Amino acid sequence: MRPGANAGTRALLDRHAEAQDLFGARVHAVRDDQWGADTPCAEWSVRDLVNHLVSEQLWVPSLVRDGCMIEEVGDTFDGDLLGPDPAASWDTAAHSAREAFTAPGALDRTVHLSYGDTPATAYCAQMVADLVVHAWDLSRAIGADERLPGELVRFSVDEIAPYAGDLEKSGLFGAPVTPPAGADAQTRLLCLLGRRP
């Protein structure tokens, strides 16, 4: 935790660390024979899903620490980033993202994303929600415990709800699904993102 961070910043960084740890635990639980298994993400295998999250983590230092524009990074993080040891590749990428977000002043910056300039705090919050939802995807794909921590679920619902309608348009998420009556927060979150829990 960076010294002098305010309570809101500390809470955001805590959620980010928890979400990384949650996803990372699932990555380390993948058996050798499961990397080609299907996931709830259309057309993505387990390896594709983990590779996507590794790529997202690797972008963080370039965008937050270095202030790069998308065009400057280009295709640096395209293709296979997992190599022969996917779990170790995840660990390295996650560590680099966490270091970038927790550096002094990092969350006070503006990052240049594909849809425009964005406060680093908003970028970090988006990363948290993405890690949480994909932790569920990975859990389902490998037969791990699908329960998500309540605090991370609540954070993700609050984060995603305002722009959930735009996520389907991105092509990265399915259309929202109507949750069953009396659905819990996790089910509502997953349905919001087109999952069928």
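Atom set for the values below is all heavy atoms of this structure, side chains included, hydrogens, waters and symmetry mates excluded. Since we're looking at a predicted model, the values are computed, not measured.
To the nearest 0.5 Å, atoms CG (Leu82) and CH2 (Trp35) are separated by 6.5 Å. Residue Leu63 holds its CG atom at 11.0 Å from CD of Glu56, rounded to the nearest 0.5 Å. Here CG of Leu49 is found 5.0 Å from SG of Cys41. Values are rounded to the nearest 0.5 Å. The distance from atom CG of Leu53 to atom CG of Leu138, rounded to the nearest 0.5 Å, is 8.5 Å. Between the CG atom of Asp137 and the CG atom of Asp38 there is a distance of 12.5 Å, given to the nearest 0.5 Å.
Between the side chain of Asp145 and the backbone N or O of Arg147 there is at least one donor-acceptor pair closer than 3.5 Å. Thr102 contributes no side-chain N or O that, together with a main-chain N or O of Ala100, makes up a donor-acceptor pair within less than 3.5 Å. Arg109 places a side-chain N or O within 3.5 Å of a backbone atom of Val64 that can act as its donor or acceptor partner. Arg195 contributes a side-chain N or O that, together with a main-chain N or O of Leu193, makes up a donor-acceptor pair within less than 3.5 Å. Here the side chain of Arg188 pairs a donor or acceptor atom with the backbone of Ala183 at under 3.5 angstrom. Using a distance-only test at 3.5 Å, with no hydrogens or angles considered, a donor-acceptor pair links the side chain of Asp48 to the main chain of Ser45. Checking side-chain atoms of Gln186 against main-chain N and O of Leu148 turns up a donor-acceptor pair under 3.5 Å. Proximity of a side-chain donor or acceptor of Ser89 to a complementary backbone N or O of Asp85 within less than 3.5 Å is detected. Using a distance-only test at 3.5 Å, with no hydrogens or angles considered, a donor-acceptor pair links the side chain of Gln34 to the main chain of Ile142. With hydrogens and angles ignored, the 3.5 Å screen pairs no side-chain donor or acceptor of Asp158 with any backbone N or O of Ala161.
Of all non-hydrogen atoms in Leu152 and Arg15, the two that sit nearest each other are CD2-O, 3.6 Å. Among all heavy-atom pairs drawn from Ala135 and Arg26, the shortest one is O-CG, 4.1 Å. Between Thr121 and Leu12, the closest heavy-atom pair is O-CD2, 3.5 Å. Contact detail for Phe101 and Leu13: the closest heavy-atom pair is O-CD2, 3.7 Å.
Around the CG atom of Asp66, the shell of radius 6.0 Å holds more than 12 heavy atoms that belong to other residues, nucleotides or ligands. Counting heavy atoms of neighbouring residues, nucleotides and ligands inside a 6.0 Å radius, atom NE2 of His28 exceeds 12 of them.
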| task | Step by step, work out the side chain to side chain contact (heavy atoms under 4.5 Å, CB included) result for Cys124 and Leu107. | result | CA-CA 8 Å; Cys124 186; Leu107 293 183; 4.2 Å; yes
| said: What verdict does the side chain to side chain contact (heavy atoms under 4.5 Å, CB included) test give for Phe155 and Glu151, after you've listed the backbone C-alpha separation in whole Å, the side-chain angles of each residue and the deciding distance to 0.1 Å? | reply: CA-CA 6 Å; Phe155 179 96; Glu151 199 159 3; 5.9 Å; no
| message | Let's go through Gln57 and Gln20 carefully: what are the C-alpha distance in whole Å and the side-chain angles of both, what is the deciding distance for side chain to side chain donor-acceptor pair (under 3.5 Å) to 0.1 Å, and is it a yes or a no? | response | CA-CA 9 Å; Gln57 306 313 300; Gln20 278 194 328; 3.0 Å; yes
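Under the 6.0 Å cut-off for aromatic ring centres, His134 and Phe23 do not qualify, their centroids lying 6.0 Å or more apart.
When side chains are defined from C-beta on, Pro197 does not count as touching Glu146, because their heavy atoms never get closer than 4.5 Å. Side-chain contact check for Ser96 versus Val60: every heavy-atom pair is 4.5 Å or farther apart. Considering only heavy atoms from C-beta on, Cys68 stays 4.5 Å or farther from Trp59 through its side chain.
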